[in-house]
Number of protein chains: 2
Amino acid sequence: MKEDDIHKFNRPGLAVDVVLFTIKNNDLKVGLVRREEEPYFGKHALPGRFVRYDEPIEETARMALKLKAGINPNFVFLEQLYTFGQELKRDTRIRTVTIVYYGLVDSSKIELQDSDKFHWHSVYELPELGFDHKKIIEYAISRLRKKVIESDFAFQLMPEEFTLTELQKAYEVILHEPQDKRNFRKKLLEMKILKPLKKKKMEGAHRPAELYEFRRKG
Amino acid sequence: MKEDDIHKFNRPGLAVDVVLFTIKNNDLKVGLVRREEEPYFGKHALPGRFVRYDEPIEETARMALKLKAGINPNFVFLEQLYTFGQELKRDTRIRTVTIVYYGLVDSSKIELQDSDKFHWHSVYELPELGFDHKKIIEYAISRLRKKVIESDFAFQLMPEEFTLTELQKAYEVILHEPQDKRNFRKKLLEMKILKPLKKKKMEGAHRPAELYEFRRKG
DNA sequence: TTTCATAGTGTAGGTATTACGATAAGTAAA
DNA sequence: TTTACTTATCGTAATACCTACACTATGAAA
């Protein structure tokens, strides 16, 4: 079919953007970069990158984190969110379709890597953003919440060992509402994804808490 | 950043494929085309198309239905499923990333358009398929089921006016398991998305059924 | 008027979810 | 060493939700 001769028409640009979440200071944060080129020069934006010809798309996402945000992508859990390609004028340079991933990372693993081109911002106080990235972040938050409610997602944000109270705090930050302590523990323990370590966390003048780790499937 | 000079590297191909569902003969069907070019010449495949430079991606999906399947896309409800772009060798011609949509259509609206290049196949007896389309269809089915359970999705497969029994049949075909009549009716009526018409469907030697239509939001 | 086929309806039992407050185990201060 | 303080841990009762289940209603056809 001539109709489909792929060499005869101009291909749209294909990019990947990453909405990277972490929890810091009891707040849900998203990682943003400052753009160093047009369009939206100087504005905040999601770390992103054009997909190279020989690059699997998740690899593009990881490279964006590494090169644009200075983050070691090995510590980042990624999941594909949605592909935005309805608006023809999203990017002023060429027509671009962007595959958006969202990622979760334990902030302690990348503490050092805060730089002048990459910053964490509270999702509740977002700065002005380039492109349609604000809308994308809102969407990512709603998907994140849904996932957290119906799966074991939040572990990706936790350190190796954690207490139930710490885990509950993470859920509260993500869902942006308080959780009942007893019901929360009951629910999580029934999921059978927590493995109690025979250790306790001694900290402060109070009863020490049991430490758990995430029970990996398999 | 030179790194990102989008004109300096080769862009991957970007395509859209559509998993189009309908219900026919009490069976869940997916629409497949026969490929008329390499790769997979002569094999069955999902209707698809490369994204043109000035084409919103959902428009690409509709054009694929129109040109490859001979279906009037105005009657088709579409939702984006997932973007496949991990495998570099999916397509043997060029490296291709494909955005997959799934669609629902009331088969009565397109009855005529069954042609020699387009056919409906039971999702439970799929022929051999080109590319990774089998995997994609499986995934689309699981998403479809999930959506049907938690929303009012199935209406897209129904004609304008329908009885509760007909609607239940559609659910049963999609979920592939029988539904309890009373619980089904209770659930659907509680959703407040059904508008009873003051008509009855007279058909056969038995009590006639109440006709309903989908109550559009807003 | 009887038969046949599908339409239409309610309730009880079990399961899951929610709301809620008292005791336990450490540290620090008196 | 005793007491105060802080957070950890635990169970139950009330409610909402889901599931299973069987009979009566209404029309057409015989």
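Note on naming: letters A, B, ... go to the chains in the order of the sequence lines (proteins, then strands), and numbering restarts at 1 for each one.
- Looking at heavy atoms from C-beta onward, B:Arg52 lies out of side-chain contact with B:Met63 at the 4.5 angstrom threshold.
- B:Glu210 has its CD atom 17 Å from the P atom of D:dA25, to the nearest Å.
- Ring centers of A:Phe155 and A:Phe77: at least 6.0 Å apart, outside the cut-off.
- Protein atom CZ of B:Arg185 is 14 Å distant from nucleotide atom P of C:dT6, rounded to whole Å.
- Ranked by how close their nearest DNA chain D nucleotide is to the 5' end, B:Gly204 and A:Asn183 are led by A:Asn183.
- Between the NZ atom of B:Lys187 and the P atom of C:dT9 there is a distance of 18 Å, given to the nearest Å.
- Between the side chains of A:Asn74 and A:Asn72, a donor-acceptor pair is found at a separation under 3.5 Å.
- One can find a donor-acceptor pair under 3.5 Å joining the base of C:dG8 and the side-chain atoms of B:Lys181.
- In this structure, CD of A:Glu190 is placed 14 Å from C1' of D:dC10, rounded to the nearest angstrom.
- Atom CG of B:Asp180 is separated from atom C1' of D:dA22 by 11 Å (rounded to the nearest Å).
- Protein atom CZ of B:Arg207 is 9 Å distant from nucleotide atom C1' of C:dT6, rounded to whole Å.
- Along DNA chain C, the nucleotide nearest to A:Arg182 and the one nearest to A:His206 differ in position, and the one closer to the 5' end is contacted by A:Arg182.
- Using a 4.5 Å heavy-atom cutoff, the side chains of B:Glu210 and B:Leu164 are not in contact.
- A:Lys199 has a carboxylate O that lies under 4.0 Å from a charged side-chain N of A:Glu161, or vice versa, which qualifies the two as a salt bridge.
- Comparing B:Leu211 and B:Ala205 by the nucleotide of DNA chain C whose heavy atom lies nearest to each, the residue mapping closer to the 5' end is B:Ala205.
- Contact between the side-chain N/O atoms of B:Thr165 and the OP1/OP2 oxygens of C:dT6 is not found at any separation under 4.0 Å.
- Counting non-hydrogen atoms under 4.0 angstrom, B:Lys186 reaches a base of the nucleic acid.
- If you measure from atom CD of B:Glu166 to atom C1' of C:dT6, you get 12 Å, rounded to the nearest angstrom.
- Rounded to an integer number of Å, the gap from CD of A:Gln179 to C1' of C:dT17 is 13 Å.
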